[in-house]
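The structure appears below as structure tokens.
Below, chains carry the letters A, B, ... as their sequence lines are ordered, and counting in each starts from 1. The shown structure was predicted, so the numbers you read here are calculated from the model rather than taken from an experiment.
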Protein chains: 2
Amino acid sequence: MPGYLKKYLTQKMVISNEELENILVCFKKLQSKKNQILIHPNKICKHLFFVQKGCLRVVCTRDDGQEWTRQIAIENDFITIFPSFLEQTISRSYLQTVEASDVFYISYSNFKKLNNIVPNWREFYTSILEQTYVNSIKRIEKLIAMDGKHLYEDFKINHPELLKRLPNKISASYLGISQETLSRLKTKK
Amino acid sequence: MPGYLKKYLTQKMVISNEELENILVCFKKLQSKKNQILIHPNKICKHLFFVQKGCLRVVCTRDDGQEWTRQIAIENDFITIFPSFLEQTISRSYLQTVEASDVFYISYSNFKKLNNIVPNWREFYTSILEQTYVNSIKRIEKLIAMDGKHLYEDFKINHPELLKRLPNKISASYLGISQETLSRLKTKK
DNA sequence: AAAAAGCATTGACAAAAATCAAAGGTTCTT
DNA sequence: AAGAACCTTTGATTTTTGTCAATGCTTTTT
């Protein structure tokens, strides 16, 4: 049943069929409508999600109520409230579906157990970590050095599919600019 | 000789004396004056650094020549041009001393070998990765959601020692604002 | 110690971006 | 299908921030 996840794992790690099954049984399927909250704010994040179909985002809120998109996940991406999941601490951020989505999720305790059950798991996990960390470094470089116009141009070049797929409002909140500014940048040039 | 590094490692990982020695022999000592470039731009980053004494930063440059501080390391921090080090690819960023510094450094190939030589190394490495990734997530949250004033206030609260220690110019380039704006924020309130 | 280079501050101005508000267009709900 | 809710665009305005330039201060360098 978890077609994409199985495919994803076999592509990314060296693993026996038995080990693969040991991983897959830890994941449960969830189908969700649009705009549903899968991890609530001010809770400990207990699950890691894999997106089979659809789109999810991590939302962080400012004191004045404004909301910002810290992370976006589409097909074949993992997503969770990472700081909360890792340290099992409370977080103000929440995880929300942007589209109707099919996801697979694994609990924190089962996730931890995979280290013991599957020999190559740590290596796989570390590799994913490295990649997401590199991506976050690149995002930081852009956020400190670029103004709205350049952030938008860069987003259009590197994530054209997201720009088409996401509501304007969410793209703007991912870039750290207001939706009005994004709307103007889209038309101006 | 690598006093702090030895102390740091024994505190952070479970390790025998022999293993510890196997790690330490991979590191070489370097003493550097202020404003020296330890990893040059447009090169493959071949070393990972541990700061014994002093202060280093990763500088990224914009097309117009403006420079920004992507990362800062002081005593007991590791630092490198991570994307370049990890994938052994060319990077425009460079690593520079902010103060006269004593550092220990390890080559990429030796770093890779530690996975085989020291059983707990991967676990240790993963744990450092997790922590730095969490820190980068927090920085992203701030950069997308906060304006200059709030970024400065936050920096003052969370890194008061850095604010005192760093030249204004570098603090500003770390926060993604101009030094004039930082100077005004410092006096205004 | 003097000169030079670099850094911080301040003012004036320009550019960028946020905010507020209104209108028209979608999409969702019933 | 009608109404509601939401999203997008656009205009007007204010706020924030960047840029340029000048000055005084500090730190290097010679």
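With hydrogens and angles disregarded, a donor-acceptor distance shorter than 3.5 Å links the side chain of A:Ser84 to the backbone of A:Cys45.
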Decide salt bridge (Lys or Arg N to Asp or Glu O under 4.0 Å) for B:Glu153 and B:Lys156; before the verdict, give the C-alpha distance in whole Å, the side-chain angles of both, and the deciding distance to 0.1 Å. CA-CA 5 Å; B:Glu153 296 291 346; B:Lys156 194 167 70 175; 3.7 Å; yes
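Under a cutoff of 6.0 Å and an axis angle of 45°, A:Arg139 and A:Tyr174 form a cation-pi pair.
Atom CG in A:Leu166 sits about 15 Å away from atom C1' in D:dT8, given to the nearest Å.
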Counting primed atoms plus P, OP1 and OP2 as sugar-phosphate and everything else as base, spell out the protein contacts along nucleotides 16-30 of chain D at 4.0 Å heavy-atom distance: B, S or - for each nucleotide, 5' to 3'. -SSBBB------S--
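Ring orientation note: the planes of A:Phe27 and A:Phe78 are tilted relative to one another, at an angle of 30° to 60°.
In summary, the aromatic rings of B:Phe111 and B:Tyr125 are positioned with their centroids under 6.0 Å apart.
Read 5' to 3', the first and last nucleotides of DNA chain C with an atom closer than 4.0 Å to a heavy atom of chain B are C:dC7 to C:dA12.
Between A:Lys138 and A:Glu141 no salt bridge is recorded (no basic side-chain N to carboxylate O distance below 4.0 Å).
By the side-chain hydrogen bond (donor to acceptor under 3.5 Å, both in side chains) test, B:Asp147 is found to be paired with B:His150, residues two or more places apart in sequence or in another chain being considered.
Checked against B:Ile74 for a side chain to side chain contact (heavy atoms under 4.5 Å, CB included), the options B:Leu56, B:Leu162, B:Val51, B:Leu166 give a single hit: B:Leu162.
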